[in-house]
Asker: 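Sharing a structure below in C-alpha cells format, with a few things to ask.
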Amino acid sequence: MPRFYVTTPIYYVNDVPHIGHAYTMVIADALARWHRLQGDDVFFLTGTDEHGDKIARAAEAHGVSPQEWVDATSRRFVEAWEGLDISNDDFIRTTEPRHHIAVQQFLQKIHDNGFTELGVYSGLYCVSCEDYKKESELIDGNCPIHGTPVELLEEENYFFKLSAFEGRLLEWYEANPDAVRPSSKRNEALGIIRGGLEDISITRTSTRWGVEVPWDSAHVFYVWYDALVNYLTAIGYADDPARFDSWWPAVHHILGKDIIRFHCVWWPAMCMAAGIDPPAHLLVHGWLLVSGEKMSKSRANQIAPSDLTDDFGVDAVRYFLLRDTPFGTDGDFSYEGITARYNADLANNLGNLLARVATVVGSKCDGMGPGADPDSRLAAVSATVVADAIAAWGEGQPHLALEATWRLIRETNAELETAEPWKAEPGPAVSAVLGSALEALRIVALLVSPAMPDTSAEIWRRLGLDGRPEDRRLPQDATWGGYPGGRAVEKAAPLFPRRSE
RNA sequence: GGCGGCGUAGCUCAGUUGGUCAGAGCACACGGCUCAUAAUCGUGUUGUCGCGGGUUCGAGUCCCGCCGCCGCUACCA
C-alpha cells in the first residue's frame with residue numbers, strides 16, 4: 001500500500017495561533033485527506049515546540065512553571081486545529097519523554113560520528129531569537145527581527161560542523177532536483193549553501209528548559225536542534241526501527257518560506273551527520289499576507305482562525321486558503337477576497353447547483369433521484385476534470401485541483417440551462433438530465449472532500465448516498481455512472497447562504 | 001552590488017518550443033429568464049500585452065538597454 005507521511009512545522013507555543021499557521025495546516029490536512037481518499041496509508045503529524053529560554057521566561061512572568069505554561073499554551077493549538085477540522089494522526093510536543101529520548105539518541109549519533117565540537121561563543125545574544133547576532137546586522141544596536149536590545153553573552157557551546165556538509169548538500173541537491181519545491185525556493189536554499197556555511201552553536205548552558213545533552217549534562221540543546229527531530233520521534237526513531245524505516249525518508253515536510261534555512265539546509269545536513277537519509281520532499285509555501293501586509297504582532301493584524309470560521313464557516317475558510325493562492329507564492333487574505341470567493345464559487349456555483357437540482361428533482365421526479373445518463377456530455381467533462389484534479393493534488397497544487405473541480409460545476413450548471421428540465425414533462429429525457437446532474441454532484445462531493453470535508457458529507461447525504469465520501473476510493477469511485485438512482489434527494493437550506501456585504 | 005522573479009482588460013491572473021494570442025474568472029452595463037441563494041442565462045465596454053530599440057515574412061512569446069516592484073544573498077570599492 002502506498003504510504004504518505006506529511007508534516008507541518010511544530011509551532012512555538014509562545015505564539016498565538018493565527019491564520020498563517022492555519023494556512024499551513026489546511027494545506028497539509030487537505031493533502032493528507034486526498035491521499036487517504038486514494039487509499040494510501042497516511043501519517044499526518046503536527047505539534048508544538050516548547051523549549052527554550054524565552055518560554056521559561058514567559059512562564060516565570062506568568063507565575064507558573066514552564067511545564068504548566070506549555071501545557072496551557074500548547075492546548076491553544078490543539079483547539080485551533082480541532083476548529084479547522086484538521087485530521088492529524090498525531091500531535092507531538094517537544095516536552096514529551098518520547099521526544100527527549102529521540103533527540104538524545106539522534107544527537108548522540110552525530111556526536112559519535114564526530115560532527116560536534118566544543119567551543120566558546122562570545123557574542124551579542126537576542127533572547128527572543130534564542131540566537132547570537134553579528135554586530136553588523138543590528139539596527140540601532142537592537143535585534144533586526146525583534147527590535148529589542150541584545151545582551152552580551154559568553155558561554156561554552158557545542159557546535160555542529162555544518163561547514164563540513166557544504167559539498168554533500170550540493171551533491172544531494174544535484175541528485176534530487178525535486179526534493180525542494182517549488183524550484184524558486186530550491187534556488188534560495190542553494191543560494192544559502194553556496195554562500196558558505198558556518199558551524200552552528202547547538203547547545204546552551206544559560207537555560208535548563210530543554211533536552212539535556214547526553215554526553216554533557218551542563219548543556220541543553222538549542223531549540224531548533226531539538227525541534228526538527230520531532231519528525232523522527234513520531235515515527236519511532238528511538239523505539240521502533242521497523243516502523244521508522246517504513247516512513248522515512250519518504251516524508252513530505254510542509255513549511256513556510258521563512259524557515260527554509262532550517263529545513264532545507266540544516267536539517268538535511270543533520271540527517272546526514274546522524275547517518276540517515278535526508279527528507280525526500282520539502283514543500284515550501286509562501287506567506288499569507290493580510291491585505292497585502294505581512295502579519296506581525298507589531299502591526300496587530302494577526303487574525304485568529306476562529307474569528308473567520310465563526311463568520312464564514314470552517315469549510316469556506318478552508319476553501320479560500322486552498323483555492324486562492326498557488327502553492328509557493330505569497331497569498332493575500334482580505335475580507336473582500338474571501339467574501340468574493342464565497343459568493344462566486346460557493347454560494348452562486350456549488351450551493352446554487354445543489355439547490356436547483358434538488359428542487360427540480362422534487363417537482364419532476366417526486367424527489368427520487370434518477371440514475372446518470374451514460375451518454376451525457378458531462379461524462380467526458382467529468383473524466384477530464386477528475387484526471388486534472390488527481391494530477392493537481394498529486395503535485396501539491398490544491399488551487400489547480402479546485403479550479404478543475406469547479407469546471408465540472410460550471411458545466412453542469414450550463415447543461416441544465418441548455419436542457420431546461422423544469423420546463424419539460426417528466427420522462428426519460430428529464431430523468432437523464434437530472435440524473436447526470438446528480439452524478440456530477442456526487443463526483444464533485446468526492447473531489448472537494450479533502451478541502452471541505454463537512455460540505456462533501458452534506459452533499460453526499462442530500463443526494464441520498466450511503467456511507468461517507470471519505471470511505472470512497474479514487475479514482476475508481478469517481479468514474480461516471482456511480483450514482484445509483486432511485487434515491488431520495490433532499491431539498492434543504494442553502495449550503496452557503498449568499499453574503500451581502 | 002550579485003543572483004532570481006515579476007510587470008497582459010477595473011481586480012486576480014492564463015498565455016507550451018515566436019505565426020486565430022489578444023484570453024479566463026471576478027467586477028461593471030444593458031437585456032432575457034425564473035428550476036435555483038437579488039440566483040441564473042445572453043450580449044457588451046475598457047487593454048499601445050511596463051518603456052525604447054533589435055532579430056524575423058511575422059513577437060506578450062527571442063536578443064539588448066531602461067524604468068518600476070519583489071525575493072534571496074552580500075557588503076566588495
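Residue numbering restarts at 1 for every chain, and letters A, B, ... go by the order of the sequence lines.
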Asker: Test: salt bridge (Lys or Arg N to Asp or Glu O under 4.0 Å). Region: residues 165-179 of chain A. Which pairs qualify, not counting sequence neighbours?
Answerer: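 Those involving residues 165-179 of chain A do not exist here.
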
Asker: Determine the Euclidean distance between corresponding C1' atoms of G1(B) and U8(B); express it in Å to zero decimal places.
Answerer: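 After rounding to an integer number of Å, I get 31 Å for this pair.
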
Asker: Could you tell me the separation between the CD atom of E490(A) and the C1' atom of A36(B), rounded to a whole number of Å?
Answerer: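 Spelled out: CD on E490(A) to C1' on A36(B) is 16 Å.
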
Asker: Could you check whether G351(A) gets within reach of a base, just the sugar-phosphate, or nothing at all, counting any heavy atom under 4.0 Å?
Answerer: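 Base, at least one base heavy atom under 4.0 Å.
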
Asker: Closest nucleotide of RNA chain B for K257(A) versus for T359(A): which of these residues is on the 5' side?
Answerer: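 Result: T359(A).
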
Asker: Would R499(A) count as a cation-pi partner of F312(A), with NZ or CZ less than 6.0 Å from the six-membered ring centre and within 45° of the ring normal?
Answerer: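 R499(A) over F312(A) ring: yes.
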
Asker: Can you tell if the side chain of H21(A) reaches within under 4.5 Å of the side chain of P305(A), non-hydrogen atoms only?
Answerer: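 Counting from C-beta outward, H21(A) and P305(A) never come under 4.5 Å.
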
Asker: Mind checking the P distance from C21(B) to U16(B)? Whole angstroms is fine.
Answerer: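 It works out to 11 Å between them.
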
Asker: Could you spell out the base pairing of RNA chain B as a dot-bracket line? Use Watson-Crick and G-U wobble contacts where both distances are under 3.5 Å, [ ] for crossing pairs, | for partners on a different strand.
Answerer: (((((((..((((.........)))).(((((.......))))).....(((((.......))))))))))))....

Asker: Given U73(B), is OP1 or OP2 found less than 4.0 Å from the side-chain N or O atoms of R261(A)?
Answerer: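 Yes, within the criterion.
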
Asker: If you measure from the P atom in C66(B) to the same atom in G2(B), how many Å do you get, rounded?
Answerer: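 Straight-line distance between the two P atoms is 11 Å.
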
Asker: Assign each of G196(A) and D330(A) to its nearest nucleotide of RNA chain B by heavy atoms, then name whichever residue's nucleotide is nearer the 5' end.
Answerer: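 Result: D330(A).
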
Asker: Against L402(A), only a single residue in Q397(A), R323(A), M452(A) fulfils side chain to side chain contact (heavy atoms under 4.5 Å, CB included); can you say which?
Answerer: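 Only one of Q397(A), R323(A), M452(A) forms a side chain to side chain contact (heavy atoms under 4.5 Å, CB included) with L402(A), namely R323(A).
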
Asker: Report the distance from atom CZ of F496(A) to atom P of A39(B), rounded to the nearest whole Å.
Answerer: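 The answer, rounded to whole Å, is 17 Å.
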
Asker: Between G23(B) and G60(B), how far apart are the two P atoms, rounded to whole Å?
Answerer: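 Their P atoms lie roughly 14 Å apart.
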
Asker: By the rule that syn is within 90° of 0, classify the base conformation of G10(B) as syn or anti.
Answerer: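 For G10(B), whose glycosidic angle is more than 90° from 0, the conformation is anti.
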
Asker: How about W172(A) and F165(A): are their ring centroids closer than 6.0 Å?
Answerer: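 No: the rings miss the under 6.0 Å criterion.
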
Asker: Expressed as a whole number of angstroms, how long is the span from N187(A):CG to G5(B):P?
Answerer: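 For the pair N187(A) CG and G5(B) P, the rounded distance is 9 Å.
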
Asker: Atom CZ of R499(A) and atom C1' of U37(B): how far apart are they, to the nearest Å?
Answerer: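 Answer to the nearest Å: 14 Å.
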
Asker: My understanding is that only one of V6(A), D277(A), T7(A) makes a side chain to side chain contact (heavy atoms under 4.5 Å, CB included) with V251(A); could you say which?
Answerer: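 By the side chain to side chain contact (heavy atoms under 4.5 Å, CB included) criterion, V251(A) pairs with just one of V6(A), D277(A), T7(A): T7(A).
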
Asker: Taking C35(B) as the reference, what is the distance to A9(B) when you measure between their C1' atoms (whole Å, please)?
Answerer: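 It comes out at 34 Å once rounded to the nearest Å.
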
Asker: Any idea how Y231(A) and H263(A) line up, ring-wise: parallel (<30°), tilted (30 to 60°), or perpendicular (>60°)?
Answerer: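 Tilted: the ring planes of Y231(A) and H263(A) meet at 30° to 60°.
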
Asker: Regarding L495(A), tell me which of base, sugar-phosphate or nothing describes its non-hydrogen contacts under 4.0 Å with the strands shown.
Answerer: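 Answer is base: heavy atoms of L495(A) come under 4.0 Å of a base.
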
Asker: Check this for me, if you would: do R462(A) and E458(A) make a salt bridge, where the nitrogen-to-carboxylate-oxygen distance has to be below 4.0 angstrom?
Answerer: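 Yes.
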
Asker: Take atom CG of L434(A) and atom C1' of A36(B), then tell me their distance rounded to the nearest Å.
Answerer: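 In whole Å, A36(B) C1' and L434(A) CG are 13 Å from each other.
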
Asker: In whole angstrom, what separates E188(A)'s CD from U73(B)'s P?
Answerer: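 Interatomic distance, CD of E188(A) to P of U73(B): 7 Å.
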
Asker: Expressed in angstrom and rounded to an integer, what is the separation of F327(A) atom CZ from C13(B) atom C1'?
Answerer: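 That distance rounds to 20 Å.
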
Asker: Can you check the distance between U61(B) and C51(B), where both ends of the measurement are the P atom (answer in whole Å)?
Answerer: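 The answer is 11 Å between these two P atoms.
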
Asker: Say you pick atom C1' in C33(B) and the same atom in G42(B); how far apart are they, in whole Å?
Answerer: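 The same atom, C1', in both gives a distance of 10 Å.
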
Asker: Which of these, F221(A), Y225(A), W266(A), sits in a ring pair (Phe, Tyr, Trp, His ring centres under 6.0 Å) with F160(A)?
Answerer: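 Exactly one option meets the ring pair (Phe, Tyr, Trp, His ring centres under 6.0 Å) with F160(A), and it is Y225(A).
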
Asker: Can you tell me, in whole Å, how much space there is between the C1' of G18(B) and that of U55(B)?
Answerer: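 Approximately 11 Å lies between the C1' atom of G18(B) and that of U55(B).
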
Asker: Any donor-acceptor pair under 3.5 Å linking the side-chain atoms of N413(A) with those of R356(A)?
Answerer: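 On atom types as modelled, these side chains qualify, holding a pair under 3.5 Å.
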
Asker: Taking CZ from F262(A) and C1' from C72(B), how many angstroms apart are they, rounded to a whole number?
Answerer: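 Going from F262(A) (CZ) to C72(B) (C1'), I get 15 Å.
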
Asker: Ignoring hydrogens and angles, answer whether the base of A39(B) and the side-chain atoms of N352(A) contain a donor-acceptor pair closer than 3.5 Å.
Answerer: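 Absent.
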
Asker: Summarise protein proximity over nucleotides 22-34 of chain B in one line of letters, 5' to 3': B for base, S for sugar-phosphate only, - for none, counting protein heavy atoms closer than 4.0 Å.
Answerer: ---S---------

Asker: Answer whether the closest heavy-atom distance between the side chains of L400(A) and F327(A) falls below 4.5 Å.
Answerer: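 SC-SC contact between L400(A) and F327(A) ruled out.
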
